[in-house]
Amino acid sequence: MRIKYQVKPFPDRLPEINNHLQTRKEYMPTYGTSLGFSAQEIADLAADTDNFAYLVSIQQVVEDSIASYAAWRRAMIWGAPEELPAAPPFVAVNTPEATLGGIVARGRAAQQRIRRAPAFTNIIGEAFGILVAYPSPPTPESFVPKVTLKALSGGHVQGKWVRSGFEAIRMEWRPAGDTIWRPAGVYTASPAILEHEADQAPAPQVREYRGVMIEKNLPVSQWSPILTVVTTP
């Protein structure tokens, strides 16, 4: 099955950036060297990931500390004279790793560098979350082909379907009421005029059709719903 990919841009929301950096940290030890990153650069990017996670997680703690300070300050200035408000503790902000600012800027630059590396592949792009299959490839075991039919003059039938990344579709037919399916051809392009035996009954005839997606001449999907068409002379 041929899969198309689209580039996923660097995220711009904090939770998504955090997830992206965590994924990068996970796969950099595996792919970083082949992509042209030195051991120190891989370590620096890992430090960026740890610092970013810390900055995101401590945000609420800092906000709570500010709120506690505001309440204490208000009580000290405007509170009752007989009260002795307890001073709130203030959180100490220390990143786990000593790195420069500009984590997102470095993250964007690293993503561009990964994509432009000679060793970059679709597999690496998917691992880092830089490439996503577009459209998402169907799960063969659950995929149901969507087929439409149109009766043409001379007893011919035209079939249309969506390939959805599969190599081809195999069509079968039978006269309505029969129990034996007969081959109606294998097709890599849509639409197509469906094949039939030379001794087929003359039009009008009520026929039933079904199709299954194939790879290397083997069925890999569910059968389509059975479709009925009445041929015309």
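Separation of atoms CD (Glu167) and OG1 (Thr188) is listed at 9.5 Å; rounding is to 0.5 Å. Expressed to the nearest 0.5 Å, how far CD1 of Ile169 lies from NZ of Lys146 amounts to 13.0 Å. Between the OH atom in Tyr31 and the CZ atom in Phe37 there is a gap of 14.5 Å [rounded to 0.5 Å]. With rounding to the nearest 0.5 Å, the separation of CD in Gln158 from OG in Ser190 is 7.5 Å. Atom-to-atom distance recorded for Arg24:CZ and Ile42:CD1 is 11.0 Å, nearest 0.5 angstrom.
In summary, Glu41 and Arg113 engage in a salt bridge, as defined by a charged side-chain N under 4.0 Å from a carboxylate O.
No donor-acceptor pair under 3.5 Å is formed between the side chain of Thr232 and the backbone N or O of Ala151. Arg170 places a side-chain N or O within donor-acceptor distance of the main-chain N or O of Asn217, the cut-off being under 3.5 Å. Ser68 contributes a side-chain N or O that, together with a main-chain N or O of Asp64, makes up a donor-acceptor pair within less than 3.5 Å.
Nearest approach of Met213 to Val162, heavy atoms of both residues: CE-O, 4.3 Å. Nearest heavy atoms, Trp223 versus Val144: O-CG1, 3.8 Å. Across every non-hydrogen atom of Lys160 and Pro191, the tightest pair is CG-CB, 3.3 Å. A pairwise comparison of heavy atoms in Ala168 and Val186 identifies CB-CG1, 4.0 Å as the closest pair. The shortest heavy-atom contact between Ile124 and Ala119 is CD1-O, 3.5 Å. Here the closest heavy-atom approach between residue Gly211 and residue Met171 is recorded as CA-SD, 3.6 Å.
The 12-atom threshold is exceeded at CZ of Arg108, counting heavy atoms of other residues, nucleotides or ligands nearer than 6.0 Å. Enclosure of atom CZ in Arg115 is not indicated, since only 12 or fewer non-hydrogen atoms of other residues, nucleotides or ligands lie within 6.0 angstrom.
Cluster annotation: Trp161 is not connected to Val212 through the hydrophobic network of ILVMFWY side chains, with a link wherever side-chain heavy atoms come within less than 4.5 Å. In terms of hydrophobic clustering, with Ile, Leu, Val, Met, Phe, Trp and Tyr side chains grouped at heavy-atom distances under 4.5 Å, Val104 and Leu14 are assigned to a common cluster. Taking hydrophobic clusters as Ile, Leu, Val, Met, Phe, Trp and Tyr residues chained together by side-chain heavy-atom distances below 4.5 Å, Val157 does not share a cluster with Val230. Ile123 and Leu35 fall within a single hydrophobic cluster, where Ile, Leu, Val, Met, Phe, Trp and Tyr side chains are chained together by heavy-atom contacts under 4.5 Å. The hydrophobic cluster containing Val7 also contains Phe128, counting ILVMFWY residues as joined when their side-chain heavy atoms lie under 4.5 angstrom apart, directly or transitively.
Between Phe166 and Phe143, the ring-plane angle classifies as tilted under the 30° and 60° cut-offs.
Side-chain contact, Glu126 with Tyr5: a donor N or O sits under 3.5 Å from an acceptor N or O. A side-chain donor-acceptor contact under 3.5 Å links Glu63 and Gln59.
Residues Trp173 and Leu149 are not in side-chain contact: their nearest non-hydrogen atoms beyond the backbone lie 4.5 Å or more apart.
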